[in-house]
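Remarks on the structure that follows.
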Amino acid sequence: EADIYQTPRYLVIGTGKKITLECSQTMGHDKMYWYQQDPGMELHLIHYSYGVNSTEKGDLSSESTVSRIRTEHFPLTLESARPSHTSQYLCASSEASYGYTFGSGTRLTVV
Amino acid sequence: GDSVTQMEGPVTLSEEAFLTINCTYTATGYPSLFWYVQYPGEGLQLLLKATKADDKGSNKGFEATYRKETTSFHLEKGSVQVSDSAVYFCALRSRPTGANSKLTFGKGITLSVRP
């Protein structure tokens with residue numbers, strides 16, 4: 001039973017469109033993360049948050065932006081989607097001393 | 001900085017074969033170590049973890065022992081099944097755990113098990 005939810009699971013969208021990928025968790029975790037997963041399956045951290053109104057860029061530069069207005073919600077936005085944004089996006093949350101809980105991911109295709 | 005190195009893949013085995021997936025790490029202090037599994041079309045799930053040297057994590061027939069002397073956390077299973085086909089990620093979390101503590105992942109390795 002998932003405690004972290006990502007929507008949509010799959011999205012096909014045209015170039016130039018604005019999109020928001022949703023991520024919500026019900027565990028009350030302060031820390032949340034967005035990863036981009038390449039076709040070789042390697043994970044790249046693109047954004048993270050340690051609490052409300054706290055967001056930081058990750059190790060991989062991304063044109064996306066994030067916000068953290070509520071503890072449970074950590075949406076990712078692309079203002080103008082491009083084919084290079086085609087990827088799998090994974091959201092995760094954690095408590096301080098434990099591992100991460102991941103959502104099922106959003107597979108984005110920009111045509 | 002912290003890093004995790006996994007053996008190169010992919011790995012293809014026949015059902016009931018013995019599995020070993022190598023993982024070594026570099027970290028300051030004494031990190032916590034994790035194995036995650038990603039089934040096709042899904043997110044990552046925690047498979048097992050170990051938080052101190054000589055600890056053995058185990059779950060679903062998989063085991064891994066935290067070896068400080070060799071900085072390793074190799075994943076093993078005595079008899080794999082077709083349902084074990086997935087991508088496996090080794091990860092570490094440095095101590096002290098606090099506001100700036102994040103997981104460092106290896107590149108992942110794809111396991112395919114043939115009937």
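Letters A, B, ... are given to chains in the order of the sequence lines, protein chains preceding strands, and every chain is numbered from 1.
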Cluster question for you: counting only ILVMFWY and a side-chain heavy-atom cut-off of under 4.5 Å, with indirect links fine, are [X] and [Y] together?
X       : Y       : result
B:Tyr30 : B:Tyr25 : yes
A:Leu60 : A:Met32 : yes
B:Tyr39 : B:Val80 : yes
A:Val52 : A:Trp34 : no

Among residues at least two apart in sequence or on other chains, which ones pass ring-ring contact (aromatic ring centres under 6.0 Å, His included) with B:Tyr36?
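B:Tyr36: ring-ring contact (aromatic ring centres under 6.0 Å, His included) contacts with A:Phe102, B:Phe105.
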
Counting distance only, does the side-chain N/O of A:Arg107 pair as donor-acceptor with the main-chain N or O of B:Gly41 below 3.5 Å?
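Between the backbone of B:Gly41 and the side chain of A:Arg107 there is no qualifying donor-acceptor contact (under 3.5 Å).
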
Heavy-atom pair of closest approach, residues B:Lys102 and A:Tyr100
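Answer, listing the atom of B:Lys102 first, then A:Tyr100: CA-OH, 3.3 Å.
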
What pair of heavy atoms forms the shortest contact from A:Tyr33 to B:Arg93, and how long is it?
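It is OH-NH2, 3.6 Å.
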
Any heavy-atom pair between the side chains of A:Leu43 and B:Lys107 that's under 4.5 Å?
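B:Lys107 does not reach A:Leu43 side chain to side chain.
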
Chain B contact via A:Gln6 - side chain, backbone, both or neither, heavy atoms under 4.5 Å
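Neither part.
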
Side chain, backbone, both or neither: which part of A:Gln88 has an atom under 4.5 Å from a heavy atom of chain B?
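Just the side chain, heavy atoms under 4.5 Å.
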
As an exercise, state the distance from OH of A:Tyr48 to CG of B:Leu103, rounded to the nearest 0.5 Å.
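Reported value, rounded in 0.5 Å steps: 13.5 Å.
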
Please round to the nearest 0.5 Å and tell me the distance separating atom CG of B:Leu44 and atom OG of A:Ser104.
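Here the rounded value is 10.5 Å.
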
Would you say that more than 12 heavy atoms from the other residues, nucleotides or ligands in this model lie under 6.0 Å from the CD of B:Glu69, or not?
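Yes - once you tally the heavy atoms of other residues, nucleotides and ligands closer than 6.0 Å, there are more than 12.
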
Region of B:Gln45 that comes under 4.5 Å of a non-hydrogen atom in chain A:
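No part of B:Gln45 comes within 4.5 Å of chain A.
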
Counterpart residues, side-chain hydrogen bond (donor to acceptor under 3.5 Å, both in side chains), relative to A:Thr20 (two or more places apart):
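A:Thr20 satisfies side-chain hydrogen bond (donor to acceptor under 3.5 Å, both in side chains) with A:Thr77 only.
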
